[in-house]
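Single-structure report; data block below.
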Amino acid sequence: MPSTIVTLKLNGTERELIARPSTTLLSALRDTFGLTGAKRGCAQGGCGSCTVLLDGRPAVSCLIPVVTVDGCAVETVEGLADGDRLDDVQQAFVDHFATQCGFCTPGMIMSATALLNREPAPTRQDVTEAICGNVCRCTGYEPIVTAVLSAAESRRDGAAEGRHDSAAERRHDGAGERHRDAAAPLSGKAAG
Amino acid sequence: MGRLTPIDTTYFKDERAGDFTVIGSAVQRSDARGHVTGRTLFFEDLTPPGLTHVKIHRSTRHHARIDRVDVSGALEVPGVLRVITHEDVPNNWYVVLRLIGVGPDDEPVLAEDRVLYRGEPIVAVVAETEEAAREGAARVVVDYTDLPAVLDVEAALADGAPIIKQAGTNHFVYEGHPCRRIRFGDVERGFAEADRIIEGRYSSSPIEHAPVEPTGCIVVPQGDGRLRIHSNTQAAFFTLDNTALILGVPPTSLRVVGGTVGGGFGGKVDVIVEPLACLAAMLTGRPAKYVYSRAEEMQVSSTRAAEHIHIKDGVMDDGRIVARQVTLYVDAGAYSRHSPYGTTKAAAHMPGPYTIPNVHVDCYCVYTNRTPSSAMRGFGVTIGDFALESHMDHVARELGMDPLRLRLKNAYRDGDMKAHRKIASGTALVEVIQSAADLVGHDLPPEYRAMSSAERPEG
Amino acid sequence: MAIRQGRGYAAVNYPTGMNLGGDPSQALVHATTMGGFVVTLSSVDLGQGLRTVVAQCAAETLGVPLENVIVDTADTDTGPHCMGTFASRGTHRVGNAVIMAAREAREVLLRVAADELEVDAEDLETDGTGFVRLKGAPEKKIHVSEVALAAHFRQGRTISGRGIFLKEPSTPVPETGEMDPDSCQAHACTVAEVEVDDETGVIEVLRLYNTYEVGRALNPAIATQQVEGGAWMGLSHALFESTEPYYPHSREHGPLDFAAYLMPGPADLPEQTSVFLERPAGNGPFGAKGIGEMTANAPIPAIANAVFDAVGVRLTSMPFTPEKVLRGLDELRAGRAG
Ligand code: FES
Ligand code: FES
């Protein structure tokens, strides 16, 4: 089967690559674009360390042939911080000592980000459901759950103070039609 | 702010002196920022140009003679650059512990005329892409004659069991003994004096380290002819020295760069991936990556050993344990790796944190036709603790005694002689028990409250 | 058929380090031109936080701010030897080596500062904020960056230090097993509270109470990570984990992925309450003992004992699957009937 040209909206910027039918989104990110934040823990869809946002929804990039997501918006952990300023989820993971070896961290953060974009005021159960596809062998999960709940709080505080400068929000505004849908709850909450 | 476990400073007050500025404070982890931004570089985040990939053809048998290995199918796969067999490995036999004088070399890097476990590496295939390497490895054909397999530790030691090891025994030999032994006091006299004998048998099955980052390395040939090994090894020099010995090259021709590991738990102390990746790089003149697939990590990489543990206690009606005999079998699987050392560690740990005057311990490091086991968090101790502390509960139930009081009564304290003849110091078993009792409101009578690790009252 | 509750106890000790053939680690410390201090090692951080903790050891010993300390590890071309990260040895061995190297570097730092200030080196101290000052007259001081520049460009001295910690070889006596394998012992006691469904055999761990004696918690937040993550692993070992579910009878059905290799997820966590006790080890860095491994151990028997307390079944083989609980219950019933 021939290679094809695939276009991705990668962390807000349009990027192209030539992909074979077997090239996964994970390998496109890591090997072609040098975005190595998404990790390969299993290449089986079982660990979540390769989680990215695909049109705003969390997806295990190791299982997705990149040719099938032509034209989609892809967000990776590298796109979250605003320069040197960490976004709320990243900061909460730092503050709450939610990383040990750090290998699961980018995937965890993307799953958490997807949740908070969809549900600004998650319950503990929402959080455990959102990260249940992400394996962590080091932390025992509790600090991660705490970090995500605390990130939700700081995001809400930020929104209440009219702070609209989070990198994630800016990207949502610029994203395509489907993406805007996914981001709708966040915008609604931020406006309220 | 992360949750902090409180320090109960009412214990060991006088010993806790010391005025510190940064020690004892919850400063942020220096690596956290890298972790949350994805900037922390793990070995696999390196993508040197021209990278080749190594995949392995593995044994499908528990124990078999290899009659024929046909690699021609592998070489026909487009993208396959090279196959590597045992003939390409300069010093094919090794044991990682030889660096501290443990022998014999009992494991081949690649199997020669026999395989001792299902999953044992036989041929390595080097290719332009991971897919080609995998396809090449799948196309290797091996003809076997099955040999009788030993899959149980106690069966392996029974009379008439097929001997699977070249050294001639299915167990490691400790200076002429079939096991690592501890002899302290007179256990038979202890049993004779005891009011009761209480026995128990405990066991476990193998456990995987399951780090989220698989074990692996990338080797990059350098301009000066040296090899730079980017590895997630838990022990940089251990890996370097063992790899140099296997390759028959001066250690100065290798450089290990690592230190950032996506979870280890003991699974990344074996030197498995580096020698073959180095060979691949040497034979192709190109960078080479060998990383376990998740399935290999689960079934082929070393496990925490399964153990069988028998405990026989001589106990007085007042709860004093006067004799303890422990027989422990470590399932090392097919090869030694770190198991002879872990078995000694298990022996030194017995009879647990208790002062028992008569102790008799036999710890066997047993070979079977299984995936080799090796170090894992709590090496030599975790399963032993399961057995010891389950047994303490069993003893308490048999005596109708409070399980914490039983432990306190027998707890080791400063100045006690341990069974391996080391004087105990800095002990704190009494205090952790007292503190944990408080956490759950478990009542302890005043004489148990008053106990202290630092002193043992007269009598 | 009912849900039954039980409570179980376990207490353990754990050796720091373990050696047969000698167990060393080395460290080098040197100052850069502007007063950064580089700690050079070949030690490996598996996620347990070694980099951070050895930086704390260096900063404390040098008496300079933590921000001035850089940890460079693990490159075998530049870092001196380390045995490796295992046997709960990292913080203990490497911490001690770093303290020794930092002490030596600090001595040179003070001598260089003494020449700059024209006082005796014995009368100087580092103040932890970046200055070297005269004891008793703290206004007489000089910043470490000035000292470092002076060492490089005026005095021609290297502000550096070498450190090693060696646990000497101990060969067991073959007949008796007499040996000196470790440096100190950490301790833990776990109380587990469980619920057992006597119809399905499923064990749920509700609460884990833990007291850990750690020598000294060099960084209480990182020590907390170790104990919480470790207790989770103990729970996971106890209830779920096996690469051979039918060990020793059959090698079949071994898991090949995370879907089949069971571990508790974020929704399966017991409530954990933990307390540290500190009985500093005389040979530990600032009294610290190794705790990374011990934390997984006590929960396993504590859970087994809690199950016995709940339903009277003595679980003697790990992991504690529902099948084993049900078989145990069947035996109990058969025994009663008989
Ligand atoms: S690498 Fe994609 S789920 Fe594990
Ligand atoms: S921090 Fe190591 S896997 Fe999560």
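All chains are named by letter (A, B, ...) in the order of the sequence lines, taking the proteins before the strands, and each is independently numbered beginning at 1. Nothing here was measured: the structure is a model prediction, and the numbers come from that model.
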- Message: Side chains of Y212(C) and T5(B), heavy atoms from C-beta outward: is any pair under 4.5 Å?
- Response: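 Result no, sub-4.5 Å side-chain heavy-atom pair not found.
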- Task: Could you check if a side-chain atom of R377(B) sits within less than 4.5 angstrom of a side-chain atom of L46(C), using non-hydrogen atoms only?
- Result: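 Sidechains of L46(C) and R377(B): no contact.
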What's the spacing between [X] [atom1] and [Y] [atom2] if we round to 0.5 Å?
X: I383(B); Y: I300(C); atom1: CD1; atom2: CD1; result: 6.0 Å
X: H249(C); Y: D152(B); atom1: NE2; atom2: CG; result: 8.0 Å
X: T316(C); Y: H394(B); atom1: OG1; atom2: NE2; result: 10.0 Å

- Task: Assess the side chains of H237(C) and R304(B): does a donor N or O sit below 3.5 Å from an acceptor N or O?
- Result: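 Present: a donor and an acceptor within the cut-off.
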- Can a donor-acceptor pair be found between the side chains of T21(B) and E60(C) at a distance below 3.5 Å?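 Present: a donor and an acceptor within the cut-off.
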Where is the tightest heavy-atom contact between [X] and [Y], given as atom of each residue plus distance?
X: C82(C); Y: F237(B); value: N-CD1, 4.1 Å
X: F258(C); Y: P211(B); value: CZ-O, 4.4 Å
X: S25(B); Y: N219(C); value: O-CG, 3.5 Å
X: A11(C); Y: R407(B); value: N-NE, 3.9 Å
X: V432(B); Y: T211(C); value: O-CB, 3.7 Å

- Query: Is Y246(C) atom OH crowded by more than 12 heavy atoms from other residues, nucleotides or ligands, each under 6.0 Å away?
  - Reply: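 Result for OH/Y246(C): open.
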- Message: Quick check for you: among G84(C), C189(C), G21(C), which has the greatest number of heavy-atom pairs under 4.5 Å with chain B?
- Response: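 Sorted descending by pairs with chain B, the first entry is C189(C).
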- Message: Heavy-atom pairs under 4.5 Å with chain B: which of L41(C), L218(C), N305(C) has the most?
- Response: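 Greatest number of close heavy-atom pairs with chain B: N305(C).
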- Query: Less than 6.0 Å separating the ring centroids of F379(B) and F86(C)?
  - Reply: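 No.
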- Message: For H187(C) and Y412(B), take the angle between the two ring planes, folded into 0 to 90°, and tell me which bin it lands in: parallel under 30, tilted 30 to 60, perpendicular over 60.
- Response: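 Ring orientation of H187(C) relative to Y412(B): tilted.
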- Item | Parallel, tilted or perpendicular, as decided by the 30° and 60° cut-offs, for the rings of H442(B) and Y9(C) |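 Rings of Y9(C) and H442(B): perpendicular, over 60°.
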With a 4.5 angstrom heavy-atom cut-off, is it the side chain or the backbone of [X] that approaches chain B, or both, or neither?
X: V53(C); answer: neither
X: R216(C); answer: side chain
X: E67(C); answer: neither
X: R251(C); answer: both

- Query: Would D182(C) and K422(B) count as a side-chain contact (heavy atoms from CB on, under 4.5 Å) if you check the C-alpha gap in whole Å, the side-chain angles of each, and the deciding distance to 0.1 Å?
  - Reply: CA-CA 10 Å; D182(C) 49 57; K422(B) 183 174 173 174; 3.2 Å; yes
- Contacting moiety of A17(B), where chain C heavy atoms sit under 4.5 Å: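 A17(B) touches chain C through backbone heavy atoms alone.
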- Query: Checking heavy atoms, do the side chain of T10(B), its backbone, both or neither come under 4.5 Å from chain C?
  - Reply: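 Neither part; nothing is under 4.5 Å.
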